[in-house]
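This is a predicted model, so every value here is computed, not measured. In the text below, chain A, chain B and the rest are named by the order of the sequence lines, each starting its count at 1.
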There are 2 protein chains.
Amino acid sequence: MNLSNRVNSVQSSPIRRLVPYADKARAAGKKVYPLNIGQPDIHTPPAFFEAIKGFQKEVLAYEGSQGNPELIDALRKYYETYGIHYAPEDIIVTNGGSEALMFAFMALCDPGDVVLTPEPFYTNYTGFASAINVKVNGLTTKAEDGFHLPGKEEIAAKICDKTRAFVFSNPGNPTGVVYTPEELKVLVDVCIEKDIFIIADEVYREFIYDNMPYASMASFKEAEDRVVIIDSVSKRYSACGARIGSIASKNKEFMSAIMRLCQSRLCVATVEQIGAVELYKTPVSYFNEVNEEYKKRRDVVYNALQKMDGVVCKEPKGAFYVAVKFPVDDAEKFIIWMLEEFEYEGQTLMMAPLEGFYATPGLGKDEARIAYILKSEELEKAMVVLEHALKAYPGRK
Amino acid sequence: MNLSNRVNSVQSSPIRRLVPYADKARAAGKKVYPLNIGQPDIHTPPAFFEAIKGFQKEVLAYEGSQGNPELIDALRKYYETYGIHYAPEDIIVTNGGSEALMFAFMALCDPGDVVLTPEPFYTNYTGFASAINVKVNGLTTKAEDGFHLPGKEEIAAKICDKTRAFVFSNPGNPTGVVYTPEELKVLVDVCIEKDIFIIADEVYREFIYDNMPYASMASFKEAEDRVVIIDSVSKRYSACGARIGSIASKNKEFMSAIMRLCQSRLCVATVEQIGAVELYKTPVSYFNEVNEEYKKRRDVVYNALQKMDGVVCKEPKGAFYVAVKFPVDDAEKFIIWMLEEFEYEGQTLMMAPLEGFYATPGLGKDEARIAYILKSEELEKAMVVLEHALKAYPGRK
């Protein structure tokens, strides 16, 4: 009565699995800075709560499998502000970006097929893929290069005949990279040449600093039949608990396949969709304020990291993460040591070890992801703690 | 740039795919009785809406992957009323019963593995299974026998070395069967002998008529390491749109695998979980009223069907469905014909054709599922329409 091999190959989340150590540290009276998880402290627009407050029906019925039509309309209008024109039938509401990714993998890959992704990548890509017997291959990018893509030949060389799609997040989780329109164009050309799909996870689209230019994958006309856009309200509106995501594509055969998968699971939560409609009406000024706040936080973390001996990272340009190479034997051991044995003035911190964000074995062992999701003053204190921890850690290289 | 074979094998929902015909019929001015889908018209307990009305936080954060602790506690207490003792770690909240089923299949089956289920079965079992390359084998049951299980040898003979689990709903969807404790005991014995898991979909647990005795699969002590209980608030509290389900098992290795799958998709919608906590506090009197109402409806439909020439069905004892064999060439053609070409005093009706509820090719072609989810007066009118339609249908056998 064994479990399946596939489920045995699904790793426990490197973002969440160290939480019990943090709980113990807190129980022991330490203050723990939770820099492991992308849970922002930014306020959710109150319109979300207002909308659900006004919602009372006699029967809480199934929503349509495609999603609440008002929400689809709101999404359509949101994309219009980026000059991206989707018809209502090009968009389906999903249980967070997570379900959108899982369904996209299902629709494109049979068991043994491959998705290629720049590594380090959002670790749950392997969670979804392993659960359905799809292999994730890594296109290695490096801290020293700010995690930008390699050249055309190197990308092309990683695409084998089992590769069905290139999947990536832009801005990048866990790296904070924002790909330039030029490197995206190269990527588009390679994917057209190799005739594979492009799954673009753009949930951090609004989180870009220093006036970096940004191009959505949906803006490349020449690839519109092979581009799938993954989206979510989680980070954009600090509404992680809503679990409202979406999938969009102009490939009708693909969307009809996704629709069949959606019919199987009936629909997405009705009330959260009602709230999400209002989120999409949030004025642009909200993002300006939020961006300014994150830029400040990024500066605090990056400036502090720059001054730490032996630490490698380039300035991240988007999302709210930075992937950092540390002068330690093993980042996971280092984090557990910080939680179990270390404290500085009663404080310690948690990060996400990066090894599980790589597909290539052996990479990322000395790296961790820091999510800069706390207020600047807190982050400043956390960075002081980190500096002292690095000096005191017995496994320092 | 083809889609995957697996997604091409996922059928469009036989419950939902005829909706466009109904929409057209309505647009043409006909009244359409929607007996295709298990969307009850019973009022959702208002406590659900009260709870979400009172919910306002600054940040709509991720819930834990296991689910809201209060909801898990409420579920634990609910099971206690059935004499079933679960520890908090034996229960995980899911995106409806749908996700619970999909994750259970993933945790138990590798590609090519098999789940065995009495057919006709809840059609989405094949949707979930096909999407992850699992095969559904059907243990055929018949309208003439009220869809009860065959004997021990016949069940055992259907279990091959690829079979990883027996999955079934009790009370049964689409049949309305309530399995007797004795036939469940036989099932338990076979599954122990053959060393396979038992996935019991008990979302209709409260919908039992005529004082039929009911046994939950969780009450069989001898099988507790191999029993997985699927549950949902959708039907029990007429809260289909909440998408709150759960999975429960005393098998710790299994639950730890499910937890890893849940971590990948982060969490279930926060607000709906808040509402669901209150649903589980609904007094028993609610079920008594609801049951009385459904029994009345069952009687209307069953009595009418009994009088129709050539129609075969036994009295359903649970859930709110009846699977019916009609004297027609093709039930799907019959339903489409009713929507497109037929009307009786301006009315027509929709049912779900049953062929897609069978795994064995060729079965169910002349069968359909009626969901008795409308008020008795409406159902009475719908049955008159059906009777006239059967007489007028050119494909009558």
Side-chain angles (χ1 to χ4, degrees), chain A residues 1 3-7 10-13 16 39-44 48-49 52-53 55-56 58-63 65 95-96 98-99 106-111 124 127-128 131-133 195 197 226 238-243 253-254 257 260-261 263-272, chain B residues 1 3-7 10-13 16 39-44 48-49 52-53 55-56 58-63 65 95-96 98-99 106-111 124 127-128 131-133 195 197 226 238-243 253-254 257 260-261 263-272:
Chain A
M1 224 176 53
L3 302 186
S4 65
N5 294 320
R6 73 165 109 210
V7 86
V10 174
Q11 64 173 347
S12 63
S13 163
R16 292 183 171 226
Q39 171 56 63
D41 66 346
I42 302 288
H43 290 190
T44 312
F48 179 92
F49 299 100
I52 63 171
K53 213 172 271 187
F55 179 76
Q56 171 134 18
E58 288 185 337
V59 180
L60 184 65
Y62 286 123
E63 188 47 86
S65 296
N95 280 307
S98 301
E99 189 184 66
M106 280 178 176
L108 300 180
C109 303
D110 282 313
N124 287 330
F128 307 135
I132 60 170
N133 301 89
D195 199 21
F197 276 84
R226 65 183 72 240
S238 195
C240 297
R243 313 311 302 131
E253 195 194 347
F254 173 83
R260 292 198 304 277
L261 293 172
Q263 284 183 340
S264 292
R265 58 72 165 136
L266 307 168
C267 70
V268 169
T270 303
V271 174
E272 312 273 357
Chain B
M1 225 178 48
L3 301 187
S4 64
N5 294 322
R6 72 166 110 209
V7 86
V10 174
Q11 65 173 346
S12 64
S13 164
R16 293 183 170 226
Q39 171 58 63
D41 66 346
I42 302 287
H43 289 191
T44 312
F48 178 92
F49 299 100
I52 64 172
K53 213 172 270 186
F55 179 76
Q56 173 134 16
E58 289 186 333
V59 180
L60 184 65
Y62 286 124
E63 189 45 87
S65 296
N95 280 308
S98 301
E99 189 184 65
M106 280 178 176
L108 300 180
C109 303
D110 282 312
N124 287 330
F128 307 136
I132 59 170
N133 302 88
D195 199 21
F197 276 84
R226 66 183 69 241
S238 194
C240 297
R243 311 311 302 128
E253 196 194 346
F254 174 83
R260 292 199 301 279
L261 294 171
Q263 284 183 340
S264 291
R265 58 69 164 139
L266 305 168
C267 70
V268 168
T270 304
V271 174
E272 312 273 357

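Taking OG of A:S264 as the reference point, atom CD of B:E99 lies at 13.5 Å (rounded to 0.5 Å). Rounded to the nearest 0.5 angstrom, A:C109 SG and B:N5 CG are separated by 11.5 Å.
Put simply, of A:R226, A:M106, A:E253, the one with the most heavy-atom pairs under 4.5 Å next to chain B is A:M106. Most heavy-atom pairs under 4.5 Å with chain B, from the set A:C240, A:A242, A:G127, A:A257: that is A:C240. Chain B forms the most heavy-atom pairs under 4.5 Å with one residue out of A:E63, A:R6, A:H43, and that residue is A:R6. Ranking A:I42, A:L266, A:D41 against chain B, the residue ahead of the rest is A:L266, based on heavy-atom pairs under 4.5 Å. When each of A:A131, A:C267, A:A107 is scored by its heavy-atom pairs under 4.5 Å with chain B, the top score falls to A:A107.
Contact of B:S98 with chain A is made through the side chain alone, with heavy-atom distances under 4.5 Å. Contact of B:Q56 with chain A is made through backbone and side chain together, with heavy-atom distances under 4.5 Å. Only the side chain of B:F48 has a heavy atom closer than 4.5 Å to any heavy atom of chain A. With a threshold of 4.5 angstrom between heavy atoms, B:Q11 approaches chain A through N, CA, C or O but not through any side-chain atom. Of the two parts of B:D195, the backbone and the side chain both hold a non-hydrogen atom closer than 4.5 Å to a non-hydrogen atom of chain A.
Of all the heavy atoms in A:V271 and B:I52, the pair that sits closest is CG1-CD1, 3.7 Å. The shortest non-hydrogen separation linking A:P40 to B:V59 is O-CG1, 3.6 Å. Summarising the geometry of B:L3 relative to A:L108, their closest heavy-atom pair is CD2-CD2, 3.8 Å, with the distance given to 0.1 Å.
A donor-acceptor pair under 3.5 Å is absent between the side-chain atoms of A:S13 and the main chain of B:Q263, judged by distance alone. For B:Q39 (side chain) and A:A61 (main-chain N/O), no donor-acceptor pair under 3.5 Å exists by modelled atom type. Side-chain N or O atoms of A:N133 include none that pairs as donor or acceptor with a backbone N or O of B:D110 at under 3.5 Å.
The side-chain heavy atoms of B:N95 and A:R243, taken from C-beta on, include no pair separated by under 4.5 Å.
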